[in-house]
Amino acid sequence: MKILVVNCGSSSLKYQLFDMKNEDVLAKGLVERIGLEGAQLVHQPGQSDKVKIPAEISNHKIAIKMVIETLVDDSVGVISKMDEIQAVGHRVVHGGEEFSESVLINDKVMDAINKCIDLAPLHNPPNIMGIEACSEVLPGVEQVAVFDTAFHQTMPEKSFIYGLPYEAYEEHAIRRYGFHGTSHKFVTQQAAKLLNKNVEDLKLITCHLGNGASIAAIDGGQVVDTSMGLTPLEGLVMGTRCGDIDPAIVPFLMKKLDLDADGLNNYMNKKSGVMGISGVSSDFRDLEEASEKGNKRAALALDIFSHRVQKYIGSYAAVLNGVDAIVFTAGLGENSPETREQVLSSFTYLGVEVDKEKNNVRGKATDFSAEGSKVKTLLIPTNEELMIARDTKNLVG
Ligand code: AMP
């Protein structure tokens, strides 16, 4: 079965075509600058070189059409006809409380995704455009929605209700939803495989540490708490997002900086985090380099980042009443042995022992705990596209 996985942003469309027989990626690519000048499709068939195809791409429907034409193209294509695509899996950012798992898309599902626009005004609309474009270009092909929030829907009320009047939840759906759910679910399943255990028998803390970053406490395969909230702004200090702050800072800074709600939202989402603290970069590679050269604020940003990760891991170990494995994934989690070692240095009291040599690895599934460590420490590369393809395959049979 061949499955196309689509992830639409407001001006971009990422895709991967999977052959689910061996879960091989037949081709992948990106349409960028949709609706803008300088639009192009960057397509990579299998392991071959990327090809860049500039074009006028005014909307997502034209983008999808171009992707399909490229996939069946005589020279750079990987399938002979469009009918070979048996299903499409879409990443959808917000499923609210409607969706606790992936679903086959129909009119009712589309209505529900539309209702969640209020909760993710920047993300759900392009996701919807992608689904509508595929329905038009690939009529009759089944489509599946896979939500960033769905895996976290098992959280109990005590984890997801804020300390606000209960009416904020009842009347405005203000609660913690959590994000990166597809990644947390994928690494949970892979961690169980690596440990040769059933997911039901494991207490895990999964750390998705990339430009956006979140942590989840997972008991028997069910999320019991996670660090992101109503939006992806809560929790860890991230590349450019502030994470947890005293909420009183919001009205205070709005007055001081003369910013409206959108202005402050932008300040907290785009100008804060390790970028804002260091004044150097949101990229941890740049921060490590600057810190080594003696830049104090870059060093401080890295310290603050690790400190916040430690606080979440510590609190989740308490919430779970113990932990079998701590899992690291995403750009930084997969590629920075230094960050993993630094973060884990706070957990010797739990019996965590890292094997430094085994930890000296990037991007490869590895148990890097020392022999006899009471808690396993794992690097698991995430693969959200494959998780979407797997869910799609399960739903379309
Ligand atoms: P992601 O959002 O998962 O794509 O992660 C992107 C982030 O991972 C970048 O901002 C980098 O800070 C970080 N990253 C990627 N590779 C490395 C590396 N080799 N060392 C340190 N950080 C890295």
Side-chain angles (χ1 to χ4, degrees), residues 5 7 9 12 14-16 25 28-30 32 42 44 91 93 122-123 148 151 178-188 190 206-216 226-228 231-243 269-293 295 297-309 312 327-344 354 356 358-366 368 378-388:
V5 172
N7 179 359
S12 69
K14 288 187 202 148
Y15 63 93
Q16 288 197 18
V25 178
K28 62 181 170 187
L30 162 75
E32 51 194 3
V42 183
Q44 186 177 22
R91 175 188 181 214
V93 168
L122 297 180
H123 293 101
D148 271 18
F151 188 51
F179 296 86
H180 293 144
T182 310
S183 174
H184 288 289
K185 181 175 168 184
F186 182 79
V187 300
T188 295
Q190 298 302 112
T206 52
C207 309
H208 178 110
L209 309 180
N211 194 30
S214 67
I215 302 198
T226 192
S227 60
M228 284 178 166
T231 75
L233 187 56
E234 190 180 342
L236 302 176
V237 175
M238 307 177 213
T240 60
R241 296 187 194 128
C242 60
N269 273 288
K270 302 264 166 70
K271 304 212 182 298
S272 301
V274 291
M275 167 75 216
I277 298 166
S278 67
V280 171
S281 170
S282 62
D283 192 304
F284 287 85
R285 286 162 289 198
D286 299 338
L287 294 174
E288 282 169 12
E289 200 184 315
S291 164
E292 274 162 30
K293 286 185 184 148
N295 185 312
R297 269 169 55 190
L300 176 65
L302 291 170
D303 267 357
I304 292 173
F305 177 83
S306 295
H307 180 68
R308 185 73 59 88
V309 175
Y312 268 97
V327 181
F328 290 83
T329 194
L332 181 68
E334 292 170 26
N335 292 297
S336 177
E338 298 80 9
T339 304
R340 293 193 296 265
E341 193 181 336
Q342 160 70 12
V343 164
L344 291 169
V354 169
K356 285 190 184 203
K358 288 187 191 158
N359 184 35
N360 193 15
V361 62
R362 289 165 209 275
K364 185 170 163 270
T366 307
F368 61 92
L378 309 179
L379 184 177
I380 310 270
T382 194
N383 192 338
E384 290 162 277
E385 293 77 15
L386 178 56
M387 191 72 248
I388 294 172

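Just so you know, ligand 1 is whichever comes first in the structure, and atom 1 is the first atom listed for that ligand. Predicted model only: the values in this text are computed from it and were never measured. Basis for what follows: all heavy atoms, side chains included, without hydrogens, waters or symmetry-related copies.
With sequence neighbours left out, F186 forms a ring-ring contact (aromatic ring centres under 6.0 Å, His included) with no residue at all. Under the side-chain hydrogen bond (donor to acceptor under 3.5 Å, both in side chains) criterion, E234 pairs with Y162, R176, sequence neighbours left out.
Pairing each heavy atom of P337 with each of R362, the nearest pair is CD-NH1, 3.9 Å. In terms of heavy-atom proximity, P381 sits nearest to T329 at C-OG1, 3.6 Å.
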Check ligand 1 for N or O atoms under 3.5 Å from a protein N or O and list each pair with its distance.
| from | atom 1 | to | atom 2 | distance (Å) |
| --- | --- | --- | --- | --- |
| ligand 1 | 2 (O) | N211 | N | 2.9 |
| ligand 1 | 3 (O) | G331 | N | 2.9 |
| ligand 1 | 8 (O) | L332 | N | 3.3 |
| ligand 1 | 12 (O) | D283 | OD1 | 3.2 |
| ligand 1 | 12 (O) | F284 | N | 2.6 |

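Contacts classified as salt bridge (Lys or Arg N to Asp or Glu O under 4.0 Å) and involving residues 270-283 (residues at least two apart or in different chains) are given here: D283-R285.
No hydrogens or angles considered: a donor-acceptor pair under 3.5 Å links the side chains of H184 and S214.
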